[in-house]
> 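Please read through the structure below; I'll follow up with questions.
The structure displayed is predicted, hence computed values, not measured ones. Within every chain, numbering begins at 1; the chains are lettered A, B, ... in the order of the sequence lines, protein sequences first and strands thereafter.
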Amino acid sequence: MSVSTSTSTVVEYTPDRRAQRGPGRVFQALSSPWGSLVPVVVLLALWQLGSVVGWIDKTFFPPPVDCFTALVNLITHGDLLVNIGITIQRVLFGFALGVVPAVVVGITMGLLPWARVVVDPIISILYPIPAVALLPLLLVIFGTGSTPIVVLAGIISFFPTAVNSMAGVLQNDRRLTQMARNLGSSRGQLLGKVVLPGALPSIFAGIRLSAGLALLGVIAGEFLAGSDGIGSLTWQYWQVYQITNMYATLAVIAAMGFTLTTVTLRIQRRYFNWTEGNS
Amino acid sequence: MRVDIDGISKSYTDPAGNPLHVVGGLTASIEQGEFVCIIGPSGCGKSTLLGMLGGLLPPDEGAIRFSGTRTATGEMTSIVWQDHALIPWRSIIDNVAFGLELRGMGRRERKEIAQSHLETMGIGAFANARPQQLSGGMRQRAGIARALASDPEVLLMDEPFAAVDAQTRTLLQEELLAVWERHRKTVVFITHGIEEALLLADRVLVLSGRPTHVVEDLRVPFPRPRTADIAQTPEFGELKQHLWERLRDATRAAEWAEVEGAGS
């Protein structure tokens, strides 16, 4: 980019053709919503190939096509759908059981220093306990069946929402509360029009975490203590060494988690978009 | 509405537990319809004074008296904030109507009033935009529209043009003057800019460092309506020099006090 003669040097900045061309067509295709499926399909294809040819052990990694056949089989001839329904119900109940009180407790803690001083130490002690460790206790209290699993999911999903709700209220924008007070806002108006709406994004971020944890809690509970539900099926197929069936149920669990993440992300983008680029 | 500030004092306790005497026996009177600018050294307590005028914190001693007809505390003053303090999840028009909404005014009526103030500030087309979609200057126009929509007795402005670029600031100053000529509201305007104060104000109060009080009460003689052109006159230059000297003395004294405080 420089031309030199014996007397002077000229430095030229010229257009960067590569940068002007922008990202290539392949890159653009891969970053589209449907294009993002391509890497997943390629991975499955490689797995299929490796499993059939014998590069990887078929016993542990059966060909995806076989697993898919097993899935279809379980849906048409087995009771997979019933078990999916049971699991979804437990997730929803557990989620509601944890999140509803969590929002109330979290907001109360954010608003009342007294509640914070009393409840915060208790949460600090309970939060780090891996909630799955409580399952035996829950079995003692609630016996077998759905109840201990739902309660486990409720306990796990309580904490992120409670902590985030409290933080959302505590981090309210002081400039906005001062502005509202100057214009004659009552305490109730301050709460309803400034503090709580301002805390919603944080509360919802907690709810998103809780939703994922509710699913985790239910699956873990079903592994260990369930006689039905999708997690229980996975565990049973492992024990009787029906690996393709086990993979089929894993795929169902993965789909549940994926749906949960996608739906909650959509809600977040739709209703809380003002938090992005907020100044 | 006449405002009498009668010997108010305010102290804080800083995080280290030391008392901080911010406002010390400040006395001033502001007449109905007067435009008063307040300048003073950085950190001298201008914002504390504004918070007390705005009813956000009570003085430790003394009193601020509003003598007029209205009694509702939420209708005495509206603050125009330096950082505009618009609510990010509300549209511009709902932000401007916020004060009226707090008073329980119906949706249609308050939106009509808010829209007319948006038109006055020249941003009627952005009624349904969100604050974060607007430029800094437009946000501040919305902040002024909100303050005016509440129809306060006194407009309190806390360095409202400090965060915008110089060209926009000049525009905003002229727009504010034009709006004020029509409403003739009582305005208390805090600023760092001596020229801004001379351009806008009927009177300029110069404050000392902490604990702050009034060290100079200057009547600005320029006739109204004014434009930025008055800055070219020799009289403007003389007043600017005079104010700068007073401000410099106050700032020096404040700096020395700060250093002595650090040494002890």
> Which heavy atom of Gln189(A) sits nearest to which heavy atom of Glu101(B), and what is that distance?
NE2-O, 4.3 Å

> To check you understand the geometry: which heavy-atom pair defines the closest contact between Asn182(A) and Gly54(B), and what is its length?
ND2-O, 3.1 Å

> As an exercise, state the distance from CG of Leu102(B) to CZ of Arg181(A), rounded to the nearest 0.5 Å.
13.0 Å

> Counting only heavy atoms not in Arg184(B), do more than 12 sit closer than 6.0 Å to its CZ atom?
yes

> Counting C-beta onward and ignoring hydrogens, is there a side-chain heavy-atom pair between Ile87(B) and Lys193(A) closer than 4.5 Å?
no

> Side chain, backbone, both or neither: which part of Gln178(A) has an atom under 4.5 Å from a heavy atom of chain B?
both

> So do the side chains of Phe98(B) and Val194(A) get within less than 4.5 Å of each other, counting heavy atoms only?
yes

> If you look at every heavy atom in Leu176(A) and Pro88(B), which pair is closest and at what distance?
CD1-CD, 3.9 Å

> If the condition is ring pair (Phe, Tyr, Trp, His ring centres under 6.0 Å), which residues does Phe159(A) pass it with, not counting sequence neighbours?
Tyr127(A)

> If you count heavy-atom pairs under 4.5 Å between each of Gly55(B), Ala85(B), Ser150(B) and chain A, which one has the most?
Ala85(B)

> Quick check: do Trp81(B) and Arg175(A) have side-chain heavy atoms less than 4.5 Å from each other?
no

> Taking side chain as everything from C-beta outward and backbone as N, CA, C, O, which of these in Ser78(B) sits under 4.5 Å from a heavy atom of chain A? Side chain, backbone, both or neither.
both

